[in-house]
Amino acid sequence: MAAAKTRTSTFSRNLSTAAPSHGPGLKCGPNGTVFLSSGIPDLDKILGGGFPLGSLVMVMEDAEAPHHMLLLRNFMAQGLVLGQHLLYSSPARDPRGFLGTLPSPAASKDDKSRERDPDQEKGLRIAWQYKKYFGENQLDGQRDGKHEYSNEFDLRKPLERHFINGPRVDCVSIQDCPDLSTLRDRCATFLSQFPRNDGSISCAGRIAIQSFCAPQCAYSNMEWDMLSFIRSLKSMVRSSNSVAIITFPPSLLSPSFCKRWQHMADTLLSVKAIQDEDKELAQLLTGYQDMVGFLNVHKVARINTQVPVILEATTFSIKLQKRRYLVLECLNQAPVDGSSGTSYGTSGGCSSSSKTGNLDF
């Protein structure tokens, strides 16, 4: 007798077609793309979700100010807080000492609201009886779920030691390396831990390379070797569940090689410091006194699609809110009279000006 066929309800969930599960710090995007947080919530929104897994991010430094270190610190701290593996490379002799400058996650408003006195908790005891209808674990997951992907970091509070001293962190000093073979081997060994597959992603890796063509490195004048390393790193990252960031000063490269480096990047960013007492910018921009620099988005990663990403703006102001939190905002045009006040809006244009510049409103 043939086995009876089990009937399923029309409203039952088809587990075979369900989306694969991912570990903390990962978010599903369009076209099967999985995003990894940059550590800056505003930058994640600008890029459409964050850095796609398997992408190479390059940041062009500014010779006048180390604003690229703000992006690098948040990127590294976000991975360590989420328990992701990190490979950090620096031209410094002791790169592990830089880990002590990583910021710590800021306390959210929800965390502060949980700290109630016992008398207040007694008054809410009846309301908390409703948790049996939803499940206590489900309520806790809803409270903490929005903090799993991206955190706000307090730049004046260092990261706790147990995040830095764990086995997930690997540091490489490239100051005394005669060539790039050592760094290439370390990156290959690191990326072999996160092979790309179609199933669930339990953990992801992050690679942060600071000032790749620094003059204190022995290979700083080997431009073809550095370009070959970037090409091989991009191919290795593309076949792994990881993201690599390389910062470099473009002023130390020839113009032709600088263009080649920019072409190799999936996501290309640049930072620029603000000159002191720039009266023209002070009259043109709202909130100029709170700005410390500019962030330019030159290219956004397009993986698994041929549709280009069109941003509403490509230039954003870098601000330190309360001198603690990194904030990215669209540039707003100041009132015509140049006085302080509310701005026109994020999409306000400068059609009255006949000059073309690098600022995008």
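The chain is numbered in sequence order, starting from 1. Reckoned from all heavy atoms, side chains included, excluding hydrogens, waters and symmetry mates.
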task: Please round to the nearest 0.5 Å and tell me the distance separating atom OG1 of T267 and atom CZ of R302.
output: 9.5 Å
message: For a 4.5 angstrom cut-off between non-hydrogen side-chain atoms, does L86 reach D170?
response: no
task: Go through the structure and list residues passing side chain to side chain contact (heavy atoms under 4.5 Å, CB included) with R324, not counting sequence neighbours.
output: D154, R156
query: Of all residues at least two apart in sequence or in a different chain, which pass the side chain to side chain contact (heavy atoms under 4.5 Å, CB included) check with S173?
result: P95, Q175
query: Excluding sequence neighbours, so at least two apart, what forms side chain to side chain contact (heavy atoms under 4.5 Å, CB included) with M222?
result: Y219, D225
- request: Report the residues that fulfil ring-ring contact (aromatic ring centres under 6.0 Å, His included) with F194, sequence neighbours left out, ordered by chain and then residue number.
  value: H85, F190
message: List the residues meeting salt bridge (Lys or Arg N to Asp or Glu O under 4.0 Å) with E223, not counting sequence neighbours, and say none if there are none.
response: none
task: Only counting residues at least two apart or in another chain, list the ones meeting salt bridge (Lys or Arg N to Asp or Glu O under 4.0 Å) with D266.
output: K234, R238
- request: Could you list the residues that satisfy salt bridge (Lys or Arg N to Asp or Glu O under 4.0 Å) with R93, not counting sequence neighbours?
  value: D176
- prompt: Residues two or more places apart in sequence or in another chain: which of them pass ring-ring contact (aromatic ring centres under 6.0 Å, His included) with H67?
  reply: none
Exercise answer: donor-acceptor pairs, residues 25-40 side-chain atoms, under 3.5 Å, sequence neighbours excluded:
unit_1, atom_1, unit_2, atom_2, d
T33, OG1, P30, O, 3.0
S37, OG, G39, N, 3.1
S37, OG, D44, OD2, 2.8
S37, OG, S150, OG, 3.3
S38, OG, I40, N, 3.4
S38, OG, I40, O, 3.4
S38, OG, D44, OD1, 2.7

- request: Could I get the full list of salt bridge (Lys or Arg N to Asp or Glu O under 4.0 Å) partners for R260, not counting sequence neighbours?
  value: none
task: For L252, enumerate each residue passing the side chain to side chain contact (heavy atoms under 4.5 Å, CB included) test, keeping only those at least two apart in sequence or located in another chain.
output: C213, P215, P249
- prompt: Any salt bridge (Lys or Arg N to Asp or Glu O under 4.0 Å) pairs touching residues 69-90, not counting sequence neighbours?
  reply: none
